[in-house]
Amino acid sequence: MAVRAETLKELEEKQEWWWAAEKKRSSRLDYLRKAMWKKGAIGGLYPAGLYIDLERPVLQTEKARELEFSPDPYVIKFAKILAHVLDNKTIFITDHSQLVGYLGSQPHTITWDPTLAALLNHEVVNDPTSIPEPMDESLKTITDVANYWAGKSDLDKILPHMDLDDAMKVLSGAIGWGVPLSRGGYSGKDYEYIMSGVRAFEDVIAELDRKIEEADAKAHEPGASKEISDLYDKMNMWEAMKITLEAGIRHGKRYARLARIIAENFETDPDRKEELLQISEVCERIPAKPPRTLQESLQYDLFIQLFSRNEAIEGAWPSRPDYYHGPYYEKDVTIDKALTEEEALDLVGEFLIRAAEVSQYKVRWAREGLQGIEGTWVWTLGGVKKDGSDACNAMTIALLKAARLVRVANPTFAFRWHPKVSDEVMRECFECIRQGLGYPSMRNDPILIANAMNWHGHPIEEARTWVHQACMSPSPCTKHGFQPMRMANATANCAKIMEYVFTRGYDNVVNMQIGAETPPAETLTTYEQVFDAWVTQMKTIFSILVRPVNRARILAPKMTPRPYLSAVSERSVDSGLDVCDPSISRGNAWITAFTWVENADSLAAIKKLVFDEKKYTMAQLKEALANNWEGREEMRLDFVKNAPKWGNDDDYIDSIMLDCLREAAKFSRELKCPSGNNWPILPENVSGNIHYANIVGALPNGRRLGDALYDGGISPGPGLDKKGPTAVLKSCSKIDHISDGRAFLLNTRLSPTQLAGEKGYQLWKTYMKTWADLGIDHVQFNCVSDETLRSAQRDPEKYQEVIVRVAGYSAHFVDISRKTQDNIIQRTVQGLG
Amino acid sequence: MPTCKECKRFFPLEEDPGKGDCVQRVIDPRQAYYQAKPVSADKDAVKCPSFEKK
C-alpha cells in the first residue's frame with residue numbers, strides 16, 4: 001500500500017481515516033499492521049494466500065495414535081495431545097514485534113483441529129482453495145488425518161447420545177447455526193481468577209499438587225464411599241490440568257529461547273537485539289509467574305487466549321483488557337515512567353494485531369455468517385468496578401487510540417456506558433465511531449447489570465464484572481458466574497417461526513417436518529389464533545435448539561473435557577470437576593434470536609390487512625407465500641407499504657413486538673439449562689440475515705425467498721424506519737431491556753458530515769443521552785457515507801481499509817459479500833438534531 | 001550422511017543436546033520472521049534444502 005501524498009490534515013478533512021492512520025502510527029505499528037494476514041473469509045472462502053496448517057493435525061494424530069492403547073483416562077490423553085502440540089509446533093517471531101504467539105506454524109496459515117467434528121474434516125478435504133501445495137501430498141495427509149478422527153471426533157462421539165430427531169433438525173441448518181460442543185463456540189474465562197495479577201500458572205500448579213496430594217491421602221484412608229470413588233476421577237482431572245499448564249510454561253520458554261537465539265546469532269541492530277532479549281526475559285517468566293509490566297501482562301493474556309484456542313475452536317474472545325491490563329499501564333506509563341505513551345501505544349496496538357491474526361478453520365456456514373472476520377472478538381471496555389465506581393482508566397483511552405491507529409476489524413470494542421464515565425473517555429469513543437470503525441458499540445451498563453441479576457441471578461458484585469461473551473451477551477468473569485462454553489447452535493433463525501405458521505411446521509427448503517403441526521393457516525379465523533400458532537412454533541423451535549445444548553453440557557465433562565480451560569478456572573481447580581460441569585456453574589445461557597423483527601412486521605401486516613381491513617384472506621396469503629409472491633406483486637407491495645413497520649413509534653406494531661418478546665420471555669423461564677437457570681432470548685444477527693436469505697421462505701412482511709433479511713436485533717428493516725432516529729429509539733424503549741430478553745442489538749447509521757467537529761460530538765452526545773434516558777441496552781453506529789461505500793464497491797483496491805459495522809461485529813467493507821454491502825447501504829442514514 | 005546437528009541452523013538444547021531447534025529466516029509476501037522447529041540432532045538432513053554445514 002503506497003503512502004498518500006496528502007498531509008495528515010488534508011486526509012482528516014477528507015475523512016480518509018484509513019490513510020490518516022497510516023501517517024499517524026509509529027513505523028513499528030505500520031510494519032506490523034501491514035505484515036498482518038487478514039484471515040476472515042470472503043464470500044465463505046478464505047482469501048488467496050492463506051493455507052490450512054497441516055502441522056498441528058499431524059502432531060495431534062501422531063500423539064493420539066501413540067496413546068491409543070495407553071491405560072491413561074481420556075482426559076489425560078487429551079491433555080497430553082495438547083501438550084505435544086505446544087511442545088512441537090513451529091514457532092516464529094516477526095520482525096519488529098514485541099509480543100509473540102500464534103496458533104499456526106506460519107503467519108499465513110489457518111489452523112485446523114481435526115478432533116472436533118467429522119463434518120468439519122470433510123470440508124477441509126473438499127476445500128481446494130486452502131490446501132497447501134504440493135496438493136497431492138497435502139491431500140494424502142489430510143485424508144489420513146480425517147480418516148483417523150472419523151468416529152473419534154467430539155461430535156461423532158456425542159451425537160449418538162442425543163435425541164437424533166433434534167440433532168437432525170439442528171444440523172439441517174434451517175433453524176439453528178452451530179453444533180452442540182464444549183470445544184466449539186464461545187468460551188468465557190474466569191478472569192477474576194487467572195488475570196487478577198495474584199497468581200499465574202506455577203501458583204495454580206502448586207495448588208493442583210496440594211489437591212492431588214490431599215485427595216490421594218483421603219482415597220487411601222480406611223473406608224469406602226462415592227465421595228472416595230469420585231476422588232479418582234478428580235485426581236485424573238487435576239493431573240490433566242497440570243499437564244496443560246506445564247506445557248504452557250514450556251511453550252513460553254520456547255519463545256524465550258528463540259528470541260535469545262535470534263539476538264545472539266542473527267540480529268545486527270543493537271536496539272532490536274535489546275528488544276529480543278526483553279522478549280526472552282518476558283517469556284522466561286510468562287505464563288509461569290504473574291506479570292509485572294504492561295508487556296508481560298499483554299503477553300500473559302495472549303498466551304492464555306492462544307492455549308485455549310489450542311484446546312477448542314473459539315468463535316469469540318470475551319475480554320476486558322482495560323480493566324485487567326490497566327494497572328500495569330498505569331504503573332509503567334504514569335508511575336514508573338518506564339514507558340512513554342507512544343511506546344505503550346505500540347504494545348497496545350500490537351496486542352490488537354496479534355488478536356486480529358488468530359484463525360481457526362471453520363465450517364462454511366460459520367464463515368458465511370461471520371463474513372470478513374474470524375469470529376466475534378468483541379472486547380469489553382469501561383463499565384464499573386465491583387464496588388460500582390468507574391472502571392475506566394488510562395488503558396481504556398490507550399485501547400481506543402490504538403484502535404484508530406491500527407484499524408483492525410477484529411477485535412472490536414463494546415463500551416459499557418454508565419453515568420460516571422468522563423467526557424474525555426466519551427470523546428475517545430466518539431472519535432472511533434466518527435472515524436468509521438463501527439466500534440465501540442455502546443452498552444448501557446446499569447441496565448445490563450440489572451438484566452444479569454434478573455435473568456440469571458448473578459449477585460451484583462459479579463454482575464458488575466461482565467464482559468461480552470460473544471457479540472452481545474453479558475457474562476460475568478467470576479468463579480461460578482462465567483460460562484465456559486456458549487454452544488452456538490442455540491441460535492434461532494426466528495423468521496422460521498412465522499414461516500412455519502403457514503406451512504404447519506414443514507420446512508419446504510430442507511424438506512423436513514421441523515416445526516409444530518399447528519392448524520392450517522387458512523383455518524385461522526382471528527388474529528389471536530394466528531398469534532397462538534406463532535407462539536407454538538416459537539416454543540417448538542426454541543426447544544429443539546436448547547435440548548441438544550443441555551445434553552451436550554451434561555455429556556461434556558466426560559466425553560469432551562477441557563483440561564486447560566479448567567486449569568485456569570477457580571471452580572475446577574477447587575472441585576476437580578471439568579469446567580463445563582453444570583453443578584459448579586450458575587448458568588448464563590441465552591438463545592440468540594436471528595431474524596427476529598420480521599415476525600413483528602409480519603404479524604402486524606396480517607393483523608391489519610387480513611383481519612382489520614379484510615383486504616385478503618389467510619388462504620390467499622398462504623397461497624401467495626407458497627408461490628413466493630409470484631403473480632401477486634400488487635398484493636406484496638401492499639404488505640410492504642401499507643402495513644405498519646417496527647421502528648416508527650407506532651403502538652399498533654410496537655405492541656405486537658412486545659407481545660412476541662413477552663411470550664418468548666415467559667417461555668425462557670420454563671426452558672432451563674442443566675444448572676437450573678433460564679434461557680432468555682437475545683435478538684441479534686451477525687451476518688445471518690444474508691446467510692439465511694435462501695433458507696427462509698416468503699414472509700407476510702412482503703419479503704421473498706432470496707431477499708436479504710433485516711440486519712437484525714431490534715433494528716428496523718432497512719429503509720422502513722421513516723420517522724427519524726427519535727422514533728426508532730422510542731419504539732425500542734417500549735421494550736423492557738431488563739426483563740424482556742437478555743440484550744437487544746440496535747444498528748444505526750449516521751452521516752459522517754453531520755458528525756464532523758465539536759458540533760458533531762455534541763449532537764452525538766445528545767443522542768446518547770436520549771438513548772440512555774430511555775433505558776435502551778445497546779446501540780452501534782455505522783458512520784461511512786454512501787458515496788464512500790459505493791466507491792469502495794466500484795474500486796475495492798483503493799478502499800481496502802474501509803471498515804463497517806455489519807451486526808455485532810465490524811468488518812472491512814471489501815471483505816463482505818455484495819449482498820451484505822448493499823444491505824448496509826440500504827440502512828437508513830439517521831439525521832440528528 | 002549429514003545430520004541436523006552439523007547444520008548452522010541447528011541450536012541444541014542445553015539440557016538435552018540430542019534435541020534442538022532448526023532456526024530459519026523466512027520472508028513471506030507480507031513480513032519477515034525467524035522460525036524455530038524442534039528437531040532431533042541426529043535427524044537425516046540429506047534432503048533438507050536449507051542444510052548449511054557449520
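A, B, ... follow the sequence lines: proteins, then strands. Residue 1 opens every chain.
Of all heavy-atom pairs spanning P107(A) and D28(B), the tightest one is CG-OD2, 4.0 Å. Taking both residues in full, the closest heavy atoms of Q35(B) and S105(A) are given as OE1-O, 4.3 Å, listed atom of the first, atom of the second, then distance. P29(B) and W37(A) make their closest contact through CD-CZ2, 3.8 Å (heavy atoms, listed as atom of the first residue, atom of the second, distance).
Side-chain atoms of P38(B) and R254(A), non-hydrogen and from C-beta on, do get closer than 4.5 Å to each other. Contact check for R25(B) versus F266(A): no side-chain heavy atoms found under the 4.5 Å cut-off. With contacts defined as side-chain heavy-atom distances shorter than 4.5 Å, the pair K37(B)/N88(A) does not qualify.
With rounding to the nearest 0.5 angstrom, the CZ atom of F11(B) is 11.5 Å from the CZ atom of R260(A). With rounding to the nearest 0.5 Å, the separation of CZ in R33(A) from CZ in R30(B) is 8.5 Å.
Within 6.0 Å of the CD atom in E137(A), the count of heavy atoms belonging to other residues, nucleotides or ligands does not exceed 12. The environment of D269(A) atom CG is dense: over 12 non-hydrogen atoms of other residues, nucleotides or ligands sit within 6.0 angstrom. Atom CD of E274(A) has 12 or fewer neighbouring heavy atoms from other residues, nucleotides or ligands inside a 6.0 Å radius. In this structure, K43(B) places its NZ atom where only 12 or fewer heavy-atom neighbours from other residues, nucleotides or ligands lie under 6.0 Å away.
Donor-acceptor pairing under 3.5 Å is recorded for the side chains of T94(A) and Q31(B). Counting only N and O atoms by type, the side chains of Y33(B) and Q106(A) include a donor and acceptor under 3.5 Å apart.
Each of I91(A), I262(A), N265(A) was compared with Y34(B) under the side chain to side chain contact (heavy atoms under 4.5 Å, CB included) criterion, and only I262(A) meets it.
Residue contact with chain B, scored on non-hydrogen atoms closer than 4.5 Å, is absent for Y255(A). For L258(A), the part lying under 4.5 angstrom from a heavy atom of chain B is the side chain only.
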